Amino acid sequence: MLTKAQVRHCLDEITKMFPDAQCELTHRNPFELVIAVLLSAQCTDVLVNKVTKNLFKKYKKPEDYLAVSLEELQEDIRSIGLYRNKAKNIQKLCQSLIDEYGGEVPNTKSEMVKLAGVGQKTANVVASVAFGEPAIAVDTHVERVSKRLGICRWKDSVTQVEETLMKKVPREEWTATHHRLIFFGRYHCRARNPNCPDCPLLDICREGQKRMRKRL
DNA sequence: CTCCCGATAT
DNA sequence: ATATCAGGAG
C-alpha cells in the first residue's frame, strides 16, 4: 500500500499526463447521460457514442422510450451488447422517471440507485458530471489502475476501492481525479498492453517493475 | 457467484 | 481464438 505522499505523487504525475481528462460520453443533458452510462457497461465509450448519435435523435424524452416496443428498442441498441438487459432497464427507468420524478433525473445518488440499471458507479458518474457533486466512480479502469499502483489492495471490492480513494484524495479533487484515473487506465496503464517503459510511476509501481522484468 | 453479449484489438 | 470494454441484477 502506498503512503499518502506516494498517492499524492501518483496523482500529480497522472495530472501532468492527462490535465484535461473529462467525460467522453456524448450527452446534452442529465437524461442523455444516464442513458449513455447505462449503455456503457462492458462496452467502449466509442461504441456507445456511435449508437447514441442515432439513438438520441429518435428518443428525446422518457416517453419516447416507452412509445416503442421492447423489441424495437433492443434493435436500436443491439450493437452495444447486453442489449436485452439494457433495453429492459431503460424502459423501467423511464417509467420510474415519469411516475416518481416528474420526468426528470433525480439529482441525488440515493435516488438514482433506485432506478433500474443504475448502480453505484453510474450514480457517481451522473451525480458528478451532470450535477457537479464530488464523486469517484470506480469503473474497470479506476479499479485496475488503483490496484496496480498499490493505492489499494488487489483483493479490495469496488466499494473498498472507492472508499480508499475518497479517503486519500481531497474532496474537491474527486471528480477530476476520477476522470484522470480513467484516462490513465484507458490510454497508458491499459489492461492488455500497459505502457510501463514510458511510465513516470515505474519507480513506485511494483506491478510495473514485475512486468518489466518479465518483459510483458 | 453467474449471467447478460456485440464489437474491437491483440 | 481470446481478452477486454466507463456494470448491474438475480
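Being a predicted model, the structure only gives us computed values, none of them experimental. Residue numbering restarts at 1 for every chain, and letters A, B, ... go by the order of the sequence lines. FYI, side chains are in, hydrogens and waters are out, and symmetry mates aren't considered; it's all heavy atoms of this structure.
Between Lys58(A) and Glu72(A) there is a salt bridge, with a side-chain nitrogen of the basic residue lying less than 4.0 Å from a carboxylate oxygen of the acidic one. A salt bridge links Arg186(A) with Glu24(A): the closest approach of a Lys/Arg side-chain nitrogen to an acidic carboxylate oxygen falls below 4.0 angstrom.
Using a 4.0 Å cutoff on non-hydrogen atoms, the parts of residues 136-153 of chain A near DNA chain C are Asp139(A), Thr140(A), His141(A), Arg144(A), ordered by number.
When heavy atoms are screened at a 4.0 angstrom cut-off, Val118(A) is found touching the sugar-phosphate backbone but no base atom. Among the atoms of the strands shown, base atoms are found under 4.0 Å from some heavy atom of Leu25(A).
The separation between Lys88(A) atom NZ and dC4(B) atom P is 11 Å, rounded to whole Å.
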> Taking it one step at a time, do Val105(A) and Phe131(A) satisfy side-chain contact (heavy atoms from CB on, under 4.5 Å)?
Replying inline: CA-CA 10 Å; Val105(A) 178; Phe131(A) 298 114; 4.3 Å; yes
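Between Cys23(A) and Val113(A), the residue anchored closer to the 5' end of DNA chain C is Cys23(A), taking for each the nucleotide with the nearest heavy atom.
Using cut-offs of 30° and 60° for the angle between ring planes, the Phe184(A) and His188(A) rings count as parallel.
Phosphate contact (OP1/OP2 of dA6(C), side-chain N/O of Arg186(A), threshold under 4.0 Å): present. Dashed line: the shortest gap from a side-chain N or O of Ser40(A) to OP1 or OP2 of dC5(C) is not under 4.0 Å.
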>> Protein within reach of the bases, or only the backbone? For nucleotides 5-10 of chain B, mark each nucleotide 5' to 3' as B, S or -, using heavy atoms under 4.0 Å.
In response: BBSSBB
